[in-house]
Amino acid sequence: MTQRNNIQTGENPDISRPLNFIHQIIEDDNASGKFNKRIHTRFPPEPNGYLHIGHAKSICLNFGTAEKYNGLCNLRFDDTNPIKEEDEYVNSIIEDIKWLGFDWGDRLYFASDYFDKMYEYAVDLIKKGKAYVCDLTAEEIRQTRGSLTEAGQESPYRNRPIEENLDLFERMRKGEFSDGSRTLRAKIDMTSPNLNMRDPVMYRILHASHHRTGDKWCIYPMYDWAHGLEDSIEKITHSICTLEFEDHRPLYDWFLNELGVYHPQQIEFARLNLTYTIMSKRKLLELVQGKYVNGWDDPRMPTISGMRRRGYTPAAIRNFADRIGVAKRESTIDVALLEFSVREDLNKIAPRFMGVMNPLKVVIDNYPENQAEELEAINNPEDESTGIRKIPFSKVIYIEKTDFMEDPPKKFFRLAPGREVRLRYAYFVTCTDVVKNESGEVVELHCTYDPATWGGDSPDGRKVRGTIHWVSAKHAIPAKVHLYDRLFTVPNPSGDKEGCDYKEFINSESLKVLTNCPVEPNLSDAKPGLQFQFERLGYFCIDPDTTNDNLVINRTVTLRDTWAKIANRR
RNA sequence: UGGGGUGUCGUCCAAUGGCAGGACAUACGGCUCUGGACCGUAGGAUUGGGGUUCGAAUCCCUACACCCCAGCCA
């Protein structure tokens with residue numbers, strides 16, 4: 001019997017949920033002793049692209065399940081197709097999984113390590129009369145496979161004598177035949193309603209160089225043949241994969257049963273879909289190759305490397321994976337949940353700074369010309385241990401253009417002519433004059449300050465409605481800021497409108513580059529990777545392109561902005 | 001059309017024959033030197049139709065909808 005388990009799990013004690021269906025299966029197996037209470041999973045990427053947030057779900061599931069049940073999880077590259085696979089991808093995948101915080105010990109495996117063993121097993125199957133060499137071309141195989149409603153026809157080579165099969169298969173391996181001229185097929189049932197069981201191809205001839213085995217092989221195993229063997233060899237208990245492999249499970253089971261070898265349990269779950277993005281490796285590759293984005297680690301990409309560069313934390317991604325759950329029904333997660341997860345984590349750990357995206361010059365008329373003073377600011381109100389820092393203040397400052405309105409609507413609490421607001425950690429200031437250029441655009445403000453409000457508190461107890469951020473003009477350092485937004489303009493770019501290519505929905509405003517943004521001087525020695533909050537704006541990080549005299553900052557995600565909601569309503 | 005799967009708030013996930021609950025999102029309020037964070041409140045769902053049962057999201061029948069499968073890709 002399955003037991004309910006409401007004990008808190010995972011790294012975030014706030015997140016506690018009942019068992020997902022896979023963990024229920026595992027606990028049932030543990031109860032029945034199916035695998036002697038042993039739990040061994042694996043994450044089996046094909047090294048033909050970079051990992052994305054969908055893979056992160058699978059990684060968290062497989063490694064997380066092993067952690068939860070004191071089991072093991074292997075990292076195994078499923079490199080059975082030399083045409084698509086490269087070492088660059090192997091390296092990036094290793095880096096990404098490590099960064100997420102998972103560890104596979106010394107259990108780093110490659111399907112290609114098992115090619116010899118797989119070949120032996122194939123010979124076994126031939127000897128048992130369960131596999132044969134087929135001379136049909138790809139086209140002929142397709143034509144004789146039948147259809148969804150019609151049975152297939154048996155290959156004329158299906159009943160070849162075992163000896164002949166053995167001989168031909170060995171000659172396939174030796175390279176005597178050309179690409180595509182022959183295959184090794186399992187002899188199952190051409191009338192099966194499950195197309196996967198209609199004598200599936202086990203080996204194809206491919207005179208291609210493999211990223212690890214070089215030119216040793218010219219025949220390569222197909223997924224269905226290889227994958228169960230990989231799992232079996234590694235003594236995996238629960239082989240977790242996505243829904244589209246459900247139809248393949250009878251074949252997975254058939255191979256292992258015919259061979260009479262150790263037999264893991266395949267379990268399928270629904271892959272992750274996210275609004276406003278795409279998850280298809282093929283399409284992601286197209287975005288990279290077509291230069292729609294600046295590489296796999298472009299911060300707009302849903303790749304792990306892109307999200308890392310964007311400023312996401314491993315904890316945010318892992319918490320997200322915990323929150324979305326695991327089930328069999330196809331679903332699309334609202335990207336707002338991902339954004340919530342990263343804000344939640346960054347709110348706790350990100351130091352605060354001030355920076356201005358769209359500067360408006362403000363002269364404080366009654367502030368002494370050459371004076372400058374240092375004011376104290378709290379580094380992180382969520383974490384007292386991070387202490388305080390000093391920020392310089394002087395007569396001329398920059399504020400955000402959007403923090404001033406000449407003719408403000410009712411609920412606008414920021415600066416306006418005659419109105420007093422607080423400059424965060426500094427003084428109360430009142431706007432006394434507005435300077436415009438010829439076209440009527442506000443280019444400069446004049447204010448007076450109240451010296452008694454030093455530090456931002458009013459001794460007479462008077463209140464102001466707004467507090468705005470600022471940077472001293474004289475002390476500011478310039479930064480280049482990348483404002484990232486969603487890559488697509490519609491929630492489901494891949495399938496929203498019939499006949500539309502997803503690329504038509506690329507958000508032309510997904511990247512805005514701002515130059516010479518004044519930011520507080522405390523950021524002058526910030527190192528790439530630093531994650532922080534610009535107060536009132538959002539979470540940001542230092543981009544790796546940053547050099548000594550060129551500070552490059554990426555926006556991870558904005559803060560929740562209730563004013564924007566009010567403003568958008570009208 | 002054959003086979004395999006899936007249908008619960010706007011979106012995800014739970015409820016394992018016994019009060020349909022949580023998270024995000026949304027709306028409103030409180031608090032605040034970030035219109036942030038935090039706290040509180042509210043609205044909001046069992047695909048339809050039959051049946052079994054004291055009692056059904058859950059079991060049975062039936063209809064419907066959606067997803068996957070006809071690569072020598074994984």
Side-chain angles (χ1 to χ4, degrees), chain A residues 1-2 4 15-20 24 44-46 48 78 80-81 83-84 134 136-138 141-143 145-152 179-185 192-198 200-206 220 222-224 226-227 241-250 268 270 275 281-282 323-341 343-344 347-348 352 354 377-378 381-382 411-414 422-426 455-458 464-469 491 533-538 558-566:
Chain A
M1 273 279 98
T2 303
R4 206 75 67 78
I15 297 173
S16 131
R17 43 185 340 138
L19 257 29
N20 66 50
Q24 288 180 13
E46 184 191 12
N48 68 342
D78 205 0
T80 57
N81 184 353
I83 293 168
K84 293 186 178 176
C134 182
L136 259 25
T137 64
I141 286 182
R142 193 180 63 76
Q143 281 167 358
R145 187 157 23 227
S147 70
L148 294 179
T149 51
E150 297 161 299
D179 285 7
S181 61
R182 284 185 167 82
T183 56
L184 183 73
R185 291 227 258 167
S192 172
N194 181 345
L195 268 35
N196 296 122
M197 301 299 272
R198 320 244 263 225
V201 172
M202 295 164 60
Y203 276 94
R204 75 282 217 186
I205 302 173
L206 240 36
Y220 290 94
M222 298 287 291
Y223 170 86
D224 286 308
H227 204 88
C241 62
T242 45
L243 249 29
E244 69 270 25
F245 292 105
E246 206 149 22
D247 282 343
H248 295 243
R249 181 159 23 98
E268 310 84 13
T275 55
K281 271 195 195 178
R282 201 205 89 230
R323 256 189 275 258
I324 60 177
V326 178
K328 291 197 72 159
R329 100 178 70 148
E330 297 232 32
S331 60
T332 303
I333 308 290
D334 190 338
V335 73
L337 185 59
L338 215 212
E339 293 172 346
F340 169 81
S341 295
R343 285 191 191 108
E344 175 190 54
N347 176 50
K348 287 182 299 193
R352 271 62 168 170
M354 290 201 284
I378 295 166
E382 304 291 321
K411 290 184 177 171
F412 187 82
F413 302 147
R414 283 109 96 143
R422 171 166 37 232
L423 295 177
R424 175 134 240 232
Y425 297 125
D457 283 310
S458 59
V464 286
R465 216 41 218 279
T467 299
I468 65 176
H469 61 278
Q533 182 193 105
F534 270 142
E535 294 219 15
R536 303 209 308 133
L537 296 177
T558 61
L559 251 29
R560 275 188 71 227
D561 189 348
T562 47
W563 164 243
K565 274 177 199 158
I566 295 167

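Chain identifiers are assigned alphabetically (A, B, ...) following the order of the sequence lines, protein sequences preceding nucleic acid strands; residue numbering begins at 1 within each chain.
Ion pairing between Glu46(A) and Lys84(A) fails under the 4.0 Å rule for side-chain N and carboxylate O.
Protein atom CZ of Arg343(A) is 18 Å distant from nucleotide atom P of U34(B), rounded to whole Å. In this structure, Leu337(A) places its CG atom 16 Å from C1' of C9(B), rounding to the nearest Å. Between the P atom of C67(B) and the CD atom of Glu246(A) lies a distance of 16 Å, rounded to the nearest Å.
For A15(B), the OP1/OP2 oxygens have a side-chain nitrogen or oxygen of Gln24(A) closer than 4.0 Å. Of the side-chain N and O atoms in Arg204(A), one or more sit less than 4.0 angstrom from OP1 or OP2 of C73(B). Between Arg145(A) and G71(B) there is a side-chain N or O to OP1 or OP2 distance below 4.0 Å. Side-chain nitrogen and oxygen atoms of Arg329(A) include none within less than 4.0 Å of the OP1 or OP2 phosphate oxygen of C67(B). An OP1 or OP2 oxygen of U26(B) is reached within less than 4.0 angstrom by a side-chain nitrogen or oxygen of Lys565(A). Regarding contacts with the backbone of C72(B), every side-chain N or O of Thr137(A) stays at 4.0 angstrom or more from both OP1 and OP2. Under 4.0 angstrom from either OP1 or OP2 of G36(B) there lies at least one side-chain N or O belonging to Thr562(A). Here Arg560(A) reaches the OP1 or OP2 of A37(B): one of its side-chain N or O atoms lies under 4.0 Å away.
Among G36(B), G35(B), C72(B), the nucleotide with an atom closest to any side-chain atom of Pro381(A) is G36(B). Of all nucleotides listed (G35(B), A74(B), G2(B)), A74(B) comes nearest to the side chain of Phe245(A). When the nucleotides C72(B), G35(B), U11(B) are ranked by their closest atom to the side chain of Trp563(A), G35(B) comes out on top.
Base engagement by Asp247(A) is indicated by at least one non-hydrogen atom pair under 4.0 Å involving a base atom. Ser331(A) comes within 4.0 angstrom of sugar-phosphate atoms only, judged by non-hydrogen atoms across all strands, and of no base. At the heavy-atom level, Phe413(A) lies under 4.0 Å from base atoms of the strands shown. Across all strands, Asn347(A) comes closer than 4.0 Å to base atoms (heavy-atom distances). Asp457(A) comes within contact range of at least one nucleobase, with a heavy-atom separation under 4.0 Å. Across all strands, Leu148(A) comes closer than 4.0 Å to base atoms (heavy-atom distances). Using a 4.0 Å heavy-atom criterion, one finds that Lys411(A) contacts the bases of the nucleic acid, with or without backbone contacts as well.
Applying the 90° cutoff around 0 to the glycosidic angle, G71(B) is assigned syn.
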Dot-bracket pairing map - RNA chain B, Watson-Crick plus G-U, both contacts under 3.5 Å, | cross-strand: .((((((..((((....[..)))).(((((.......)))))....(((((..]....))))))))))).....
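By the 5.5 angstrom centroid cut-off and the 30-degree plane limit, Tyr223(A) is classified as not stacked against the base of A74(B).
Of the two residues near RNA chain B, Ala426(A) and Thr332(A), the one whose nearest nucleotide lies more 5' is Thr332(A). Toward the 5′ end of RNA chain B lies the nearest nucleotide of Asn20(A), the other residue of the pair Ile141(A) and Asn20(A) mapping further downstream.
Taking the side chain as every heavy atom from C-beta outward, Asp247(A) and Leu195(A) never approach each other to under 4.5 Å.
You won't find any donor-acceptor pair under 3.5 Å spanning the side chain of Glu244(A) and the base of G5(B), going by distance alone.
Taking the C1' atoms as reference points, U11(B) lies 12 Å from A45(B), given to the whole Å. Using C1' as the reference atom, U58(B) and C19(B) are 16 Å apart when rounded to the nearest Å. Using P as the reference atom, G30(B) and G21(B) are 28 Å apart when rounded to the nearest Å.
Every residue two or more places apart in sequence or in another chain that forms a salt bridge (Lys or Arg N to Asp or Glu O under 4.0 Å) with Glu244(A) is listed here: Arg271(A). Partners of Arg424(A) by salt bridge (Lys or Arg N to Asp or Glu O under 4.0 Å), not counting sequence neighbours, listed by chain and number: Glu535(A).
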